[in-house]
Amino acid sequence: MGEMEQLRKEAESLKDEITAARKAVNDASLQDTVSGTAVVGRVQLKTRKTLRGHLAKIYAMHWSTDSKLCVSASQDGKLIVWDSHTTNKVNAIPLKSSWVMTCAYAPSGNMVACGGLDNMCSIYNLKAKDGNVKVMRELAAHTGYLSCCRFLSDSEIITSSGDCTCVLWDIETGTQKTVFAGHLGDCMSLAVSPDFKTFISGACDSTAKLWDIREGQCRQTFGGHESDINAIAFFPNGNAVITGSDDATCKLYDLRADQELITYQDSSIMCGVTSIAPSLSGRLILAGYDDFNCNIWDSLKSERVGVLAGHDNRVSCIGVTADGMACCTGSWDSFLKIWN
Amino acid sequence: MQTVMSSKMATSNNIAQAKRTVQQLRVEASIERIKVSKACADLMHYCGEHAKFDPLLMGIPASENPFKDKKPCTIL
């Protein structure tokens, strides 16, 4: 037997081993476990604020950890930092490249980042002494579009790219610290764990991967989706992951059981999921869809308990504040809405 | 000569890739797994413990909602 054939056989055997190991611990279903729990009552959130100012599709938004400021990115070539309480624009940052696909707020509130078809992640200092917001670093090395970025701190950021890799960068030196390779399709989204030790990525190969940031290693791979995973988030306790896919479903995977626990789907939903965020307790999952709506799911009972209807085009991004007080949706209709 | 050289390189690249795949699968196969029943119970417990602190779930009184416009009351 040639070496290649031997390796192929070994890979198949290991995949069977993983399937068997997952089956061996599959002693219950989430549905059975929660059968005694009542479904959450109808959740009716109202639009409290509409943030107007972008002139084209909004592709991304991210809350600051202060639960008041947020940043949004639009293909009108601007990043806008908003005070969501007053709807005032704190900063309107013109971008070199208007083809932006993602933005992020640093946990400190000192910086924002964005990137897109320019294949770069640009870091902006919001607290420069002269008051002018300008580019602090341009992180260039990806050979594909920047789909998502998330700060670990003011000195480190993780990016995901259409080149199928994720990268941990040193912002100070502008260099790559670690390249996380393994996905077989464009990486579309990433989320950092509450303890900052791991991150998860969702890709066009229909899998989600859990990565150890310091070891630079993929620890677990989750399959089951039938199409691209566009959105990914951690469940608030850090032990589970929620994903949203072009296959019109969301799924919850438990990290310690190493498998999918539940799928959030409805025969009436036939369009892709673009964005996903859990509420503070994790009991509600808010997901944005291509059909202009956002559905609210009871995460344990897997039933739809609410809808956020108000946008006139695709909901492209969604975020819940750190204090859980509000949810923000961003849309191709150029508006952001704050709901609670 | 050149074609033979590049196909040899392609083969060794394929083998290197296959070795990496096998190595990665070994890592993923070796993790400790807990029972699904425990995972579900822990999720339920977490949601239960934190539900009362979840504003989107419990609702927010108007006076405590920083996003709600506070309209002045007019006494007619």
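Chain letters run A, B, ... following the sequence lines, proteins first and then strands; every chain starts at 1. As the structure is a prediction and not an experimental result, all values here were calculated from the model.
Listed for the B:Asp54 side chain is a donor-acceptor partner under 3.5 Å among the backbone atoms of A:Ser281. Although no hydrogens or angles enter the test, the distance criterion places no donor-acceptor pair under 3.5 Å between the side chain of A:Thr321 and the main chain of A:Ser67. A distance-only check finds no donor-acceptor pair linking the side chain of A:Gln31 to the backbone of A:Ser29 [under 3.5 Å]. In this structure, the side chain of A:Asp27 engages the main chain of B:Ser37 through a donor-acceptor pair within 3.5 Å. Within the 3.5 Å criterion, the main-chain N or O of A:Val241 finds no donor-acceptor partner in the side chain of A:Lys251. Looking at B:Lys68, its side chain never comes within 3.5 Å of a backbone N or O of A:Arg48 through a donor-acceptor pair. Listed for the A:Thr47 side chain is no donor-acceptor partner under 3.5 Å among the backbone atoms of A:Trp339. Put simply, the side chain of A:Asp254 gets close to the backbone of A:Arg256: a donor and an acceptor are under 3.5 Å apart. Within the 3.5 Å criterion, the main-chain N or O of A:Thr263 finds a donor-acceptor partner in the side chain of A:Ser302. In terms of modelled atom types and a separation under 3.5 Å, the side chain of B:Arg33 and the main chain of B:Ile31 share a donor-acceptor contact.
Relative orientation of the B:Phe67 and A:Trp63 rings is perpendicular, given thresholds of 30° and 60° on the angle between their planes.
Per-residue heavy-atom pair counts under 4.5 Å with chain A were compared for B:Thr21, B:Asp42, B:Leu43, and the maximum is reached by B:Leu43. Chain B forms more heavy-atom pairs under 4.5 Å with one residue of A:Leu286, A:Leu284, A:Thr86, A:Asp32 than with any other, namely A:Leu284. Note on A:Ala240, A:Ala28, A:Gly182: by heavy-atom pairs under 4.5 Å with chain B, the leading option is A:Ala28. Among A:Ser13, A:Gly306, A:Ser84, the residue making the largest number of heavy-atom pairs under 4.5 Å with chain B is A:Ser84. Interface remark: of the candidates B:His50, B:Lys35, B:Lys19, B:Lys35 forms the most heavy-atom pairs closer than 4.5 Å to chain A. The residue among A:Val305, A:Val320, A:Leu261 with the most heavy atom pairs within less than 4.5 Å of chain B is A:Leu261. Counting heavy-atom pairs closer than 4.5 Å to chain B, the top-ranked of the candidates A:Thr33, A:Asn237, A:Asp323, A:Ile262 is A:Asn237. In terms of heavy-atom pairs under 4.5 angstrom with chain B, the leader among A:Cys218, A:Ala21, A:Cys327 is A:Cys218. Note on B:Ala41, B:Ala29, B:Cys40, B:Gly48: by heavy-atom pairs under 4.5 Å with chain A, the leading option is B:Cys40.
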Point to revise | Chi angles and distances behind the side-chain contact (heavy atoms from CB on, under 4.5 Å) call for A:Val315, A:Ser275 | key: CA-CA 8 Å; A:Val315 173; A:Ser275 45; 4.1 Å; yes
Exercise for review: Take A:Ile232 and A:Phe199 through the side-chain contact (heavy atoms from CB on, under 4.5 Å) test and state the conclusion after the steps.
Suggested key: CA-CA 10 Å; A:Ile232 200 161; A:Phe199 77 93; over 6 Å; no
Review point. Passes side-chain contact (heavy atoms from CB on, under 4.5 Å), A:Glu17 versus B:Leu25? Steps please.
Key: CA-CA 10 Å; A:Glu17 203 182 302; B:Leu25 285 168; over 6 Å; no
**Study point:** salt bridge (Lys or Arg N to Asp or Glu O under 4.0 Å) between A:Lys9 and A:Glu12, worked out
**Key:** CA-CA 5 Å; A:Lys9 275 204 129 187; A:Glu12 282 314 302; over 6 Å; no
Practice item. With side-chain hydrogen bond (donor to acceptor under 3.5 Å, both in side chains) as the test, would you mind laying out the steps for B:Gln23 and B:Arg20 before giving the verdict? Key: CA-CA 5 Å; B:Gln23 185 46 37; B:Arg20 276 195 294 269; over 6 Å; no
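Residue contact with chain A, scored on non-hydrogen atoms closer than 4.5 Å, involves the side chain of B:Ile60 exclusively. Only the backbone of B:Glu32 has a heavy atom closer than 4.5 Å to any heavy atom of chain A. Both the backbone and the side chain of A:Arg22 come within contact range of chain B, judged by heavy atoms closer than 4.5 Å. Only the side chain of A:Gln259 comes within contact range of chain B, with heavy atoms under 4.5 Å apart. Only the side chain of A:Lys209 comes within contact range of chain B, with heavy atoms under 4.5 Å apart.
Of residues 293-300 of chain A, those residues with a non-hydrogen atom less than 4.5 Å from any non-hydrogen atom of chain B are, in numerical order, A:Ser299, A:Leu300. Contacts between residues 35-43 of chain A and chain B, counted as heavy-atom pairs separated by less than 4.5 Å, involve A:Thr37, A:Val40, A:Val43.
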